[in-house]
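Any value given below was found using the heavy atoms of this structure, including those in side chains, with hydrogens, waters and symmetry copies removed. Keep in mind that this is a model prediction, so the values were computed, not measured. In what follows, chains carry the letters A, B, and so on, assigned in the order in which the sequence lines appear, proteins first and then strands, with residues in each chain numbered from 1.
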Amino acid sequence: MQQKFWLMKSEPSTFSIDHLAALPHQTEHWEGVRNYQARNFMRDEMKVGDEAFFYHSNCDTPGIVGIVTIVKSAYPDHFALKKSSPYYDPKSTTENPRWYMVDVKLKQKFDTVISLRTLKENTALAKMPLVQKGNRLSILPVTANEWRTILKMLKK
DNA sequence: GCCAACGTTGGC
DNA sequence: GCCAACGTTGGC
């Protein structure tokens, strides 16, 4: 099975890489994806062993802060069934779950953020939807080339 | 806090 | 099935 690469966004005020790092097994379910395209990526294409950049959005310095490994492939997001959850969706049912989540485990937390600004300056990454205007998808595929390019930016 | 871009909803 | 209205995302 070919390993794939991803980018997963989270608002650090809700769930940051430090939250993940503080957990006993540094493993957590990635709940709350409520966008069909993002869900489809998770449900249909994400496999155990895939790796993803952890991205902080909607914060002072938006950017990539580390790497997680997918340790469990998609299963129903039960937060959608829980009325008290901010992720509750009355249209999702146990028999017919509308939303899915995966489990991620922290692989590496970067010493510094690779900021969105820096990513935008790298012409090799110009095709990434992330750096393009108006992109709002919270789960994005990353090509192997883009993955390598971004990792190289760490060493500078 | 502002607002552009986008996705979803619902009336018709 | 169209599309206006609305809600959300997320950079700045």
Worked verdict on A:Lys9 versus A:Asn135 for side-chain contact (heavy atoms from CB on, under 4.5 Å) = CA-CA 12 Å; A:Lys9 292 183 192 173; A:Asn135 170 71; 3.4 Å; yes
Check against side-chain contact (heavy atoms from CB on, under 4.5 Å), A:Asp89 and A:Phe79 | CA-CA 8 Å; A:Asp89 181 353; A:Phe79 290 85; over 6 Å; no
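Regarding contacts with the backbone of C:dT8, every side-chain N or O of A:Tyr87 stays at 4.0 angstrom or more from both OP1 and OP2. At C:dT9, none of the side-chain N or O atoms of A:Lys9 fall inside 4.0 Å of OP1 or OP2 (strictly under the cut-off).
Atom pair A:Arg39:CZ and B:dT8:C1' shows a separation of 14 Å (rounding to whole Å applied). We find that NZ of A:Lys120 is positioned 13 Å from P of C:dG10, with the value rounded to whole Å. Per the geometry, CG belonging to A:Asn35 stands 13 Å off C1' belonging to B:dA5, to the nearest Å. Rounded to whole angstrom, the span from the CG atom of A:Asp89 across to the C1' atom of B:dT9 amounts to 13 Å. Here the P atom of nucleotide C:dG11 and the CE atom of A:Met128 are 13 Å apart, to the nearest Å. Distance CZ (A:Arg117) to P (C:dG11): 14 Å, rounded to an integer number of Å. For the pair A:Phe15 CZ and C:dG10 C1', the interatomic distance rounds to 19 Å; values are reported in whole Å. Here B:dG7 presents its P atom at 16 Å from CZ of A:Arg98, a figure rounded to the nearest Å.
A:Phe5 and A:Trp147 have parallel rings, their planes meeting at less than 30° on a 0 to 90° scale where 60° marks the start of perpendicular.
Among B:dT8, B:dG7, C:dG10, the nucleotide with an atom closest to any side-chain atom of A:Asn58 is C:dG10. Listed nucleotides: B:dA4, C:dG11, B:dG7. Nearest to the side chain of A:Lys133: B:dA4. The side chain of A:Tyr36 lies closest to B:dT8, out of B:dG7, C:dG11, B:dT8.
In summary, the side chains of A:Asp50 and A:Trp6 do present a donor paired with an acceptor at a separation below 3.5 Å, with no hydrogens or angles considered.
Of the residues near DNA chain B, A:Lys91 and A:Gly134, the one whose nearest nucleotide (by heavy atom distance) lies more toward the 5' end is A:Gly134.
For the pair A:Phe53 and A:Ile67, the minimum side-chain heavy-atom distance is below 4.5 Å.
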